[in-house]
Protein chains: 2
Amino acid sequence: MYRIGELAKQCEVKTDTLRFYEKHGLLSPSSRTDSGYRIYTENDAERLRFILRAKAVGFTLAEISELLSIELDKSNWACADVKGMVDSKLAHVEAKIAELKFFQVSLQRLSNACCGGPESAEHCSILEALETNTDNIKCENHDHHHDDSQYTKNCQRKG
Amino acid sequence: MYRIGELAKQCEVKTDTLRFYEKHGLLSPSSRTDSGYRIYTENDAERLRFILRAKAVGFTLAEISELLSIELDKSNWACADVKGMVDSKLAHVEAKIAELKFFQVSLQRLSNACCGGPESAEHCSILEALETNTDNIKCENHDHHHDDSQYTKNCQRKG
DNA sequence: CTTGACCTTAGATTTAACTCTAAGGTTTAT
DNA sequence: ATAAACCTTAGAGTTAAATCTAAGGTCAAG
């Protein structure tokens, strides 16, 4: 059982944000005190964490509402409806994962191609890494050496 | 070589959006015609696609700017700087992937638990799926049958 | 028994990211 | 050679998602 300020602090949001989510139907406290204070349960907290996670990966509040409506309307829906909706959201999530893996590969490639030393990063760029396909990595070959293996271990392939 | 309208159409954004990105330093056309029209190269288009992908997975324009600044400033930076920044962004991307996999698992679990038939979805909910750990899945056991295996194949485990 | 940290509401303001408007110049098709 | 469909700028308006303000009620500590 949390009051609004406690839940807000725990989840690192403002109390305003919680009232905003309530007004927009995303999260309502399970009860109120006699004097009208909001009382949130652990279940409410779980729901909030779900909302914040969804937001962090780029879902809009409208999309999050839709995801959560699966919970709210469950007894009025048929399994077929729920499954259809879930599977569509699942496809959406999987598409996002694929997009992010694209960034991951690009950034990893750039990180690998870059020796990490004090040289100019003339040939280190995300877009160069994007243009390069799969494993044929441009790698700067500077004409000097510096102390250690840590910097140069990833610099061996050349386009 | 594209004019603003052509690039906008190709990437399904408004021309306003491209002018907005230019004003905010995310994407400038490589040149202009004598009469002042913007001329975008294939490289510019690639950069735009990068921006749109980054946006789609929840990066703000400020974060995207930062990602792209690796490109802009490359000759003024040392490899060590670039690598540090890239690795930090990489960690960010990997965290997002982890978050999304959390959703993927939850949704997949829900999809699996839900028989997909015409029954009430009483026990189908995202939050129930979130609460359930790993493989001990609640699954409604309706007292009737319907046509085929397609609906019931995933309904065999019970908590 | 009052001070200060909480809570309430309604409504105004802010921020990011567009999106539109107005007033005019350019290009292409008929 | 002129209408339609583009382009230019500066600046105003919109939308989502908060965030702040004002005016006041609640409650535990000293």
Side-chain angles (χ1 to χ4, degrees), chain A residues 1-41 44-45 47-69 89 92 96 99, chain B residues 1-41 44-45 47-69 89 92 96 99:
Chain A
M1 305 299 237
Y2 314 94
R3 282 191 304 176
I4 194 168
E6 292 165 342
L7 181 58
K9 184 169 284 180
Q10 198 194 67
C11 292
E12 298 178 284
V13 297
K14 298 264 163 70
T15 55
D16 293 305
T17 303
L18 295 182
R19 293 196 195 92
F20 176 83
Y21 287 169
E22 182 174 352
K23 193 158 71 182
H24 291 76
L26 281 108
L27 175 68
S28 296
S30 292
S31 58
R32 295 274 186 141
T33 64
D34 288 349
S35 53
Y37 286 20
R38 291 165 177 82
I39 296 295
Y40 295 90
T41 64
D44 298 332
R47 190 180 169 97
L48 175 57
R49 285 189 289 271
F50 180 87
I51 293 168
L52 297 177
R53 274 208 193 92
K55 244 175 54 62
V57 291
F59 283 102
T60 64
L61 296 193
E63 288 170 326
I64 298 170
S65 271
E66 225 183 311
L67 271 172
L68 288 168
S69 76
K89 287 292 168 192
H92 187 172
K96 268 178 192 284
E99 294 269 80
Chain B
M1 305 298 238
Y2 313 94
R3 282 190 306 177
I4 195 169
E6 294 165 341
L7 181 59
K9 184 168 284 179
Q10 197 192 69
C11 292
E12 298 177 285
V13 297
K14 298 262 162 73
T15 54
D16 293 304
T17 303
L18 296 181
R19 292 197 197 94
F20 177 83
Y21 287 169
E22 181 173 352
K23 192 158 71 184
H24 290 74
L26 281 109
L27 175 69
S28 296
S30 292
S31 59
R32 297 274 185 141
T33 64
D34 289 348
S35 52
Y37 286 21
R38 290 164 178 81
I39 297 294
Y40 295 90
T41 64
D44 298 332
R47 189 179 170 101
L48 175 57
R49 285 188 289 270
F50 179 88
I51 292 168
L52 297 178
R53 273 206 193 95
K55 244 174 54 63
V57 291
F59 283 102
T60 64
L61 295 193
E63 287 170 326
I64 298 170
S65 270
E66 226 183 309
L67 271 171
L68 288 167
S69 76
K89 288 292 168 191
H92 187 172
K96 267 179 193 282
E99 295 267 82

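A, B, ... follow the sequence lines: proteins, then strands. Residue 1 opens every chain. The structure displayed is predicted, hence computed values, not measured ones.
- Residues A:Y21 and A:Y37 both approach DNA chain D. Their nearest nucleotides, taken by heavy-atom distance, put A:Y21 toward the 5′ side.
- For B:L61 and B:T33, each mapped to the nucleotide of DNA chain C holding its nearest heavy atom, the one lying further toward the 5' end belongs to B:L61.
- Judged as a salt bridge (charged side-chain N to carboxylate O under 4.0 Å, His left out), the pairs with a partner in residues 22-36 of chain B (not counting sequence neighbours) are, in order, B:E22-B:R32, B:E22-B:R38.
- For the salt bridge (charged side-chain N to carboxylate O under 4.0 Å, His left out) condition, no pair includes a residue of residues 4-14 of chain A, sequence neighbours left out.
- Atom CZ of B:F20 and atom C1' of C:dA16 are 7 Å apart (whole Å).
- Contacts between residues 3-14 of chain B and DNA chain C, counted as heavy-atom distances below 4.0 Å, involve B:K14.
- In this structure, NZ of B:K23 is placed 13 Å from P of C:dA16, rounded to the nearest angstrom.
- Protein chain A contacts DNA chain D from D:dA17 to D:dC27, reading 5' to 3' and using non-hydrogen atoms of the protein with a distance under 4.0 Å.
- A donor-acceptor contact under 3.5 Å links the side chain of B:D16 to the base of C:dC20.
- The ring-ring contact (aromatic ring centres under 6.0 Å, His included) search around B:Y37 returns none, not counting sequence neighbours.
- Of all the heavy atoms in A:I51 and A:L26, the pair that sits closest is CD1-O, 3.7 Å.
- B:S65 approaches B:H24 most closely through the heavy-atom pair OG-O, 4.3 Å.
- Taking A:Y2 as the reference, nothing meets the ring-ring contact (aromatic ring centres under 6.0 Å, His included) condition, with sequence neighbours excluded.
- Listed by chain and residue number, A:D16 satisfy the salt bridge (Lys or Arg N to Asp or Glu O under 4.0 Å) test with A:R19 (two or more places apart in sequence, or in another chain).
- Rounded to whole Å, the distance from CG on B:L18 to P on C:dC18 is 10 Å.
- Residues passing the salt bridge (Lys or Arg N to Asp or Glu O under 4.0 Å) test with B:K96: none are found, sequence neighbours excluded.
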If you look only at distance, which donor and acceptor atoms sit under 3.5 Å apart when one is on a side chain in residues 55-64 of chain B and the other is two or more places apart or in another chain?
{"residue": "B:T60", "atom": "OG1", "partner": "B:A62", "partner atom": "N", "Å": "3.4"}
{"residue": "B:T60", "atom": "OG1", "partner": "B:E63", "partner atom": "N", "Å": "3.1"}
{"residue": "B:E63", "atom": "OE1", "partner": "B:T60", "partner atom": "N", "Å": "2.8"}

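- In this structure, the CG atom of B:L52 is 13 Å from the P atom of C:dA17, given to the nearest Å.
- Note on B:R19: a base of the nucleic acid sits closer than 4.0 angstrom, heavy atoms only.
- Taking atom CD1 on B:I39 and atom C1' on C:dT27, their separation rounds to 12 Å, with Å as the unit.
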